[in-house]
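Working notes, structure below.
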Number of protein chains: 2
Amino acid sequence: MASQNRELKEAGLKVTAPRLKILSMLSDASEQGDHLSAEDLYQRLRDTGEDIGLATVYRVLTQFETAELIIRHNFEAGYSVFEMAPDHHHDHMVDVDTNEVIEFIDEEIERRQHLIAEQHGYEIIDHTMVLRVRKKDGA
Amino acid sequence: MASQNRELKEAGLKVTAPRLKILSMLSDASEQGDHLSAEDLYQRLRDTGEDIGLATVYRVLTQFETAELIIRHNFEAGYSVFEMAPDHHHDHMVDVDTNEVIEFIDEEIERRQHLIAEQHGYEIIDHTMVLRVRKKDGA
DNA sequence: TTGGTTGCAAACAATTTGCATAAAT
DNA sequence: ATTTATGCAAATTGTTTGCAACCAA
């Protein structure tokens with residue numbers, strides 16, 4: 001995955017082992033639809049035998065977020081979770097019973113969001129929309 | 001506002017001065033569209049001459065949240081902000097530079113959200129939408 | 001070489017908790 | 001009288017930072 005080298009360089013970050021490991025682990029998790037906290041990441045790295053400090057995990061995550069390589073979510077109070085920045089924006093529907101996550105995108109909603117922001121004199125930097133849902137009848 | 005006494009009792013909470021003050025202050029702020037952090041609330045209470053401990057503010061906020069009297073938001077990492085549980089649902093726009101929160105509602109978006117959930121065989125239990133925005137030049 | 005990077009420990013900020021006192025029912 | 005609440009300080013939790021050693025460019 002030499003492409004990751006370029007991503008780091010383009011972000012003005014030196015290509016180091018810790019950064020590559022973190023990027024790769026986060027990438028794998030994201031493909032599984034997992035959102036990892038700094039601590040999650042730190043533990044998984046340790047389990048894989050990597051000797052990366054927790055402070056480094058935090059620093060690197062912040063740098064990746066700034067470089068827009070990853071996205072930070074504050075779903076729960078108290079800590080953040082991260083996922084790779086998706087190529088294409090999408091919103092989430094979460095089944096409250098199974099925790100299954102369904103991704104979707106609706107152009108009309110996107111359009112109106114921008115319209116609303118504009119009406120208030122703002123431009124949208126980014127946005128989040130989470131629908132907490134339950135299956136109709138048969139659960 | 002004797003109605004607040006009942007709200008507290010129905011939540012199984014004793015009617016105490018700190019709780020009434022917090023409820024009232026949060027209610028006023030919410031009417032102004034302000035979302036307060038625990039620290040904000042604590043400071044405002046002190047400014048009003050109230051002698052309520054920060055720990056009490058935190059404890060009471062958690063209890064109110066559990067009782068669904070108020071809503072907790074995690075717009076920014078690191079701390080929560082609260083508002084009275086709104087009678088009518090609305091979404092939020094957060095100014096990324098000032099952390100100011102603007103409330104809004106768009107019926108068309110609401111309609112489409114339900115439509116989308118339905119198309120997937122779900123019904124919406126609850127949802128959140130946060131637009132992170134920045135003022136268009138002339139700020 | 002040179003400046004960015006890392007690990008560790010100490011520092012921080014937000015929030016929680018133990019406990020003795022005080023107030024509500 | 002009994003139960004729950006409060007204030008304070010100490011403790012926790014998640015995250016950040018100072019610094020000396022270290023490594024990529």
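Residue numbering restarts at 1 for every chain, and letters A, B, ... go by the order of the sequence lines.
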Discussion item. With the threshold set at under 4.0 Å for non-hydrogen atoms, list the residues of residues 66-81 of chain B touching DNA chain D in residue-number order.
Written reply: none
Discussion item. Check this one for me: any side-chain N or O of A:Tyr58 less than 4.0 Å away from OP1 or OP2 of D:dT15?
Written reply: yes
Which atoms of nucleotides 20-25 of chain C (N or O only) lie under 3.5 Å from a protein N or O atom, and what are those distances?
residue	atom	partner	partner atom	Å
C:dA24	N3	B:Lys14	NZ	3.2
C:dT25	OP1	B:Val15	N	3.3

Item to complete: Return the value, rounded to whole Å, for the distance between atom OH of A:Tyr42 and atom P of C:dT6.
Response: 15 Å
Worksheet item: Rounded to whole angstroms, how far apart are CZ on B:Arg46 and C1' on D:dC8?
Response: 13 Å
Worksheet item: Just by distance, with hydrogens left out, do A:Glu123 and A:His114 show a side-chain donor and acceptor under 3.5 Å apart?
Response: no
Worksheet entry | Nearest-Å distance for atom pair NZ/P, residues A:Lys21 and D:dA24 | 12 Å
Discussion item. Given B:Arg19, which partner from the list B:Asn5, B:Thr56, B:Val60 fulfils the side chain to side chain contact (heavy atoms under 4.5 Å, CB included) test?
Written reply: B:Val60
Fill in: Distance, rounded to the nearest Å, where B:Asp51 contributes CG and D:dA5 contributes P
19 Å
Worksheet entry | Atom-pair distance (CG on A:Leu54; P on D:dT16), nearest Å | 10 Å
Worksheet entry | Atom-to-atom span, CG of B:Asp40 to C1' of C:dA13 - whole angstrom | 14 Å
Worksheet item: Should A:Leu45 and A:Lys21 be marked as a side chain to side chain contact (heavy atoms under 4.5 Å, CB included) after you check the CA-CA gap, both sets of side-chain angles, and the distance that decides it?
Response: CA-CA 8 Å; A:Leu45 287 166; A:Lys21 292 282 161 42; 4.1 Å; yes
Item to complete: Mind checking B:Arg19 for me? I need base, sugar-phosphate or nothing, with any heavy atom below 4.0 Å counting as a touch.
Response: sugar-phosphate
Fill in: Side chain A:Arg59 and base C:dG4 donor-acceptor under 3.5 Å
no
Worksheet item: Whole-Å distance between D:dA24 C1' and A:Leu20 CG?
Response: 12 Å
Item to complete: Anything under 30° is parallel, anything over 60° is perpendicular, the rest tilted; go ahead and classify A:His90 against A:His92.
Response: perpendicular
Worksheet item: Do A:Leu36 and A:Phe82 have side-chain heavy atoms sitting under 4.5 Å apart?
Response: no
Worksheet entry | Short N-O contact, B:Glu108 and A:Arg112, less than 4.0 angstrom | no
Discussion item. Hydrogens and angles aside, do B:Asp91 and B:His89 bring a side-chain donor and acceptor to less than 3.5 Å of each other?
Written reply: yes
Worksheet item: For B:Leu8 and D:dT3, what is the distance between atoms CG and P respectively, to the nearest whole Å?
Response: 21 Å
Discussion item. Taking the minimum atom-to-atom distance to the side chain of B:Thr56, which one of C:dC8, D:dT6, C:dT15 wins?
Written reply: D:dT6
Worksheet item: Is the shortest side-chain N to carboxylate O distance from A:Asp126 to B:Arg134 below 4.0 Å?
Response: no
Item to complete: Please assess B:His120 against B:Tyr122 for the test ring-ring contact (aromatic ring centres under 6.0 Å, His included), listing each intermediate value before the final yes or no.
Response: CA-CA 6 Å; B:His120 288 260; B:Tyr122 290 100; 7.1 Å; no
